[in-house]
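Chain naming here is simple, since letters A, B, ... match the order of the sequence lines and numbering starts at 1 in each. Here the structure is a predicted model, which means the values were calculated and not measured.
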Amino acid sequence: MAEQTGTTMEKIVALCKRRGFIFQSSEIYGGIGGFWDYGPLGCELKRNIKEAWWQDMVRNPPLGPKGVEFQMVGVDCAIIMNSKVWVASGHVGGFKDPMVACKADGCKKLFRADQVWTVELLPEGVYDETGFDASFTKEGFSLAVRDISLMKNRRTWIASTQVDGVAEALNDVESAINRAGKQFKSAQLKSTRVVARAQKHTLALFKAVDDDGNRYQGVVSRLDAIPRSQFPDSPNRNIAGPCPVCGGDLTDLREFNLMFDTHTGALREEANRVYLRPETAQGIFVNFKNVMDSSRVKIPFGIAQIGKAFRNEINPRNYTFRSREFEQMEIEFFCKPDELCADGEPTAMEWYEFWRNTRIKWYESLGIRSDKLRPRQQGAEELAHYSRACTDIEYMFPFSNEPQELEGVAHRGSFDLNQHGKFARGDENAFAVIDDETKKKYVPHVIEPSAGADRFTLAVITEAYTVDETRASPEFMRFHPRLAPIKAAVFPLVAKDGLPEIAEPIYRAIKTQFPAQYDAKQSIGKRYARMDEAGTPFCFTIDGQSKEDGTVTVRNRDDASQSRIDRSRCLDYLRDKLTV
RNA sequence: GCGGGUGUAGCUCAGUGGUAGAGCGUCACGUUGCCAACGUGAAUGUCGAGGGUUCGAGCCCCUUCACCCGCUCCA
């Protein structure tokens with residue numbers, strides 16, 4: 001099966017290059033990793049996708065929950081913004097993937113530091129219990145590492161385990177502690193007692209006693225939870241270990257900042273550093289007040305944006321799926337917090353469900369088979385701390401046996417507007433609005449359906465790719481007619497006998513309304529086959545009979561069936577078939 | 001980033017140190033007249049790049065770049 005999926009993907013990639021959908025960027029110079037160019041057909045396809053999204057989400061969105069009408073407006077923001085935007089959003093501080101690798105030969109495993117849980121065991125009394133308790137608040141682990149001299153000794157890290165999620169880690173606490181005890185000075189710990197548990201960075205604090213009656217305190221925490229500022233000038237910055245797989249030494253935490261940066265102005269100095277946006281959402285939040293003040297929108301309403309975003313992916317992979325430059329189609333939908341909703345008024349959670357369902361239906365309406373579309377609601381432990389709920393809409397691509405994310409629909413609460421209020425105005429509530437009925441001030445809650453335009457384009461391509469060995473042209477692209485790069489082709493059966501003279505005016509009439517191609521060269525079979533690979537749904541062929549009775553053949557891409565219509569009806573026929 | 005693999009025509013690939021090849025595709029002409037038809041002909045290569053060994057390198061050595069697979073990640 002794996003080989004099968006591999007070859008399917010290779011054939012799709014080959015077709016995309018052969019027919020001009022997608023090229024590797026800068027190919028003649030040896031290419032550049034993580035960047036892709038769309039050719040003539042790909043550019044039409046992606047444009048159709050973005051236009052369908054804009055039409056269906058912004059200009060003509062469906063009715064909301066309980067039949068509520070709502071407004072959608074668009075913005076088109078600069079890619080480079082004041083760099084404080086990214087401080088407020090958390091990207092400057094947090095948008096990085098700290099990684100560690102195992103140094104041991106034969107292991108060399110790579111871990112994301114926040115997925116490795118370590119157990120630290122220290123003689124009791126090093127930290128008092130109040131110190132531990134304090135560490136459960138926002139700063140997490142900070143109090144527990146105030147004695148740097150002890151922490152420099154890596155041997156205090158005596159066990160670690162790798163888990164997929166916090167829930168599993170919680171189940172794993174007891175065994176991790178026991179494992180820690182067994183490795184510590186080769187002494188069996190008589191008893192362990194978990195004294196407290198916390199989510200996120202620090203998982204559990206516990207007490208333990210060994211055979212000699214020595215008492216210990218321990219902490220289970222995420223490997224990335226130790227603030228690097230606690231180890232400013234340590235000659236031994238190796239604070240991580242041991243490897244959860246083989247027990248070997250781990251490398252330093254390596255922090256990759258995933259944002260591209262550059263500088264404005266003539267001087268290339270730190271004060272002028274600016275970032276290429278890693279998401280389009282912040283442009284919307286930053287303009288929230290401008291839009292409210294200028295366009296007479298009222299909550300609930302949404303602001304939409306389509307645009308490029310940039311992430312310095314460590315390892316771009318899987319064709320265009322994980323690119324360093326990509327395009328997003330994002331909505332920030334602003335609504336009332338649940339507690340202010342009147343009876344019968346949709347709550348924020350209902351808006352969240354509405355958008356999740358709307359987005360799934362949208363994909364299905366454009367020909368994505370529902371069994372390949374996998375909406376996945378995130379568990380509580382998987383959510384970002386500000387997020388109330390989130391569904392990843394995933395799709396089964398041929399390059400993986402795991403579904404891959406096309407879009408995230410997140411209920412973000414008031415987090416983003418609070419952050420910008422705090423950083424821009426010094427007041428969390430700076431962007432509050434006043435409720436018409438209750439006259440109460442509130443910061444709107446946000447539902448964020450954030451879709452990847454390139455990812456969906458790739459999904460559309462892989463979904464459309466069809467092989468039917470019984471056909472003369474076995475490979476063809478079954479694009480939804482609304483997305484097809486070329487809607488129709490016009491062929492004179494032969495390039496003589498007056499047929500081009502009939503075909504050309506038909507072509508010229510069609511292309512005023514729809515993307516169309518005219519081709520008079522080579523055999524009719526090759527011309528059909530080429531259009532099949534381009535995914536063109538309809539071909540009109542002018543033959544000898546056209547001269548006699550004025551009819552032309554319409555050939556359907558999906559089943560190669562043919563029918564005859566009057567040549568004057570070609571445009572009407574397309575309007576009928578292409579209008580959704 | 002680490003490990004493994006692959007780079008020769010638009011595509012698929014052959015070419016084990018001695019003149020750069022095939023099939024398909026593309027283009028032209030002819031023929032045919034509704035499904036990659038047939039005939040004839042043509043164009044297309046920094047052999048991924050740079051360096052080295054050699055009388056001579058697509059082939060051997062070194063470096064580098066890109067892509068693929070795995071670890072990992074995600075809109």
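Between B:C27 and A:K521, no contact under 4.0 Å exists linking OP1 or OP2 to a side-chain N or O. The shortest distance between the side-chain N/O atoms of A:Q522 and the OP1/OP2 oxygens of B:C27 is below 4.0 Å. Put simply, A:S523 has a side-chain N or O that comes within less than 4.0 Å of OP1 or OP2 on B:A37. Between A:R530 and B:U26 there is a side-chain polar atom (N or O) within less than 4.0 angstrom of OP1 or OP2. Taking 4.0 angstrom as the limit, A:K526 places none of its side-chain polar atoms (N or O) nearer than this to OP1 or OP2 of B:C34.
Applying the 6.0 Å contact sphere to NZ of A:K361 captures no more than 12 heavy atoms from other residues, nucleotides or ligands. The local environment of CZ in A:R47 is sparse, with at most 12 non-hydrogen atoms from other residues, nucleotides or ligands closer than 6.0 Å.
Residue contacts shown for A:R18 are absent, as no nucleic acid heavy atom lies under 4.0 Å away. Here A:E330 lies out of heavy-atom contact (under 4.0 Å) with every strand. Contacts of A:Y319 with the nucleic acid, taken as non-hydrogen atoms under 4.0 Å apart, involve only primed sugar atoms and P, OP1 or OP2. Note on A:F491: nothing from the nucleic acid sits closer than 4.0 angstrom, heavy atoms only. Within 4.0 Å (heavy atoms only), A:G20 reaches no atom of the nucleic acid at all. In this structure, A:A560 reaches the bases: a heavy-atom distance under 4.0 Å links it to at least one base atom across the strands shown. No contact: A:K308 has no heavy atom under 4.0 Å from any strand. Residue-level contact check: A:T553 touches the bases, meaning some heavy atom is under 4.0 Å from a base atom. Residue A:S25 is classed as having no contact, given no heavy-atom separation below 4.0 Å to the nucleic acid. Contacts of A:D532 with the nucleic acid, taken as non-hydrogen atoms under 4.0 Å apart, are absent. Contacts of A:E533 with the nucleic acid, taken as non-hydrogen atoms under 4.0 Å apart, include base atoms.
Separating the C1' atom of B:G25 from that of B:C13 is a span of 14 Å, rounded to the nearest Å. Nucleotides B:C47 and B:A57, compared at atom C1', are 11 Å apart to the nearest Å. Atom name P, nucleotides B:U40 and B:C67: the rounded distance is 42 Å, in whole Å. The C1' atoms of B:G41 and B:C35 are separated by 26 Å, rounded to the nearest whole Å. Taking atom P in both B:G23 and B:C65, one finds a spacing of 38 Å when rounded to whole Å. A gap of 48 Å separates the P atoms of B:C68 and B:U31, to the nearest Å.
Each of A:R376, A:R374, A:R455 was scored for a salt bridge (charged side-chain N to carboxylate O under 4.0 Å, His left out) with A:D392, with one residue passing: A:R376. Partner of A:D532 under the salt bridge (charged side-chain N to carboxylate O under 4.0 Å, His left out) criterion, out of A:R527, A:R478, A:R555: A:R555 alone.
Of the two residues contacting RNA chain B, namely A:A451 and A:Q24, the nearest-nucleotide position lying further toward the 5' end is that of A:Q24. Mapped onto RNA chain B by nearest heavy atom, A:Q328 and A:T541 fall at different nucleotides, with A:T541 at the one closer to the 5' end.
A donor-acceptor contact under 3.5 angstrom links the side-chain atoms of A:Q562 to the base of B:C34. At a cut-off of 3.5 angstrom, counting only N and O atoms as typed in the model, there is no donor on one side facing an acceptor on the other between the side-chain of A:R471 and the base of B:C35. One donor-acceptor pair, N or O on each side, does fall under 3.5 Å between the base of B:C35 and the side chain of A:R555.
The pairing partner recorded for B:A49 is B:U63, the criterion being a Watson-Crick or G-U wobble arrangement whose two distances lie under 3.5 angstrom. With a cut-off of 3.5 Å on both pairing distances, B:A43 has no Watson-Crick or G-U wobble partner at all. In a base pair of the Watson-Crick type (N1 to N3 plus N6-O4 or O6-N4) or a G-U wobble (N1-O2 and O6-N3), with each distance short of 3.5 Å, B:G17 is matched with no nucleotide. Nucleotide B:G3 has B:C69 as its partner under the Watson-Crick or G-U criteria, with both atom distances under 3.5 Å. Look at B:G30: its Watson-Crick or wobble partner, with both distances under 3.5 angstrom, is B:C38. B:A9 is unpaired under the criterion used here, namely a Watson-Crick or G-U wobble arrangement in which both key atom distances are under 3.5 Å.
A salt bridge links A:K308 with A:E325; the closest basic N to acidic carboxylate O contact falls under 4.0 Å. One finds a salt bridge joining A:E407 and A:R359 here, because a Lys/Arg side-chain nitrogen approaches an Asp/Glu carboxylate oxygen to under 4.0 Å.
The aromatic rings of A:F397 and A:Y395 sit perpendicular to each other, their planes meeting at more than 60°, with 30° as the lower class boundary. Ring planes of A:H91 and A:W86: perpendicular class, angle over 60° (limits at 30 and 60°). Between A:F260 and A:F35, the two ring planes are tilted [angle within 30° to 60°].
When rounded to the nearest whole Å, the span between NZ of A:K17 and P of B:U26 equals 16 Å. Whole-Å rounding puts the A:Q378 CD to B:A75 P distance at 9 Å. Across the protein-nucleic acid pair, A:N318 atom CG and B:C67 atom C1' stand 12 Å apart, rounded to whole Å. At whole-Å resolution of the value, CD1 in A:I565 and P in B:C34 are 19 Å apart. Distance, A:K11 NZ to B:G10 P: 22 Å, rounded to whole Å. A straight line from CD of A:Q305 to P of B:A75 spans 17 Å, rounded to a whole angstrom. Separating the CZ atom of A:R527 from the P atom of B:G25 is a distance of 16 Å, rounded to the nearest angstrom. A:F399 has its CZ atom 9 Å from the P atom of B:C69, to the nearest Å.
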For nucleotides 43-47 of chain B, give me every protein contact, N/O to N/O, under 3.5 Å, one pair per line with atom names.
none

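A:F326 qualifies as a stacking partner of the B:A75 base, centre to centre under 5.5 Å and near-parallel within 30°.
Distance from the side chain of A:Y528 is smallest to B:C34 among B:C11, B:C34, B:A36. Side-chain proximity of A:R311 to B:A75, B:A36, B:C34: nearest is B:A75. The side chain of A:A529 sits closest to B:A36 out of B:C34, B:C74, B:A36. Which of B:A75, B:G10, B:A36 sits closest to the side chain of A:E313 comes down to B:A75. When each of B:A66, B:A37, B:C35 is scored by its nearest atom to the side-chain atoms of A:A472, the top-ranked nucleotide is B:C35.
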Please test A:H420 against A:Q282 for side-chain hydrogen bond (donor to acceptor under 3.5 Å, both in side chains), starting from the C-alpha separation and ending with a verdict. CA-CA 9 Å; A:H420 287 299; A:Q282 297 305 324; 2.7 Å; yes
Please report the C-alpha distance between A:N287 and A:I303 in whole Å, then the side-chain angles of each, then the deciding distance to 0.1 Å, and finally whether the side-chain contact (heavy atoms from CB on, under 4.5 Å) criterion is met. CA-CA 9 Å; A:N287 279 294; A:I303 305 178; 6.0 Å; no
Residues 37-44 of chain A, side-chain donor-acceptor partners within the protein, below 3.5 Å, at least two apart:
unit_1, atom_1, unit_2, atom_2, d
A:Y38, OH, A:D454, OD1, 2.7

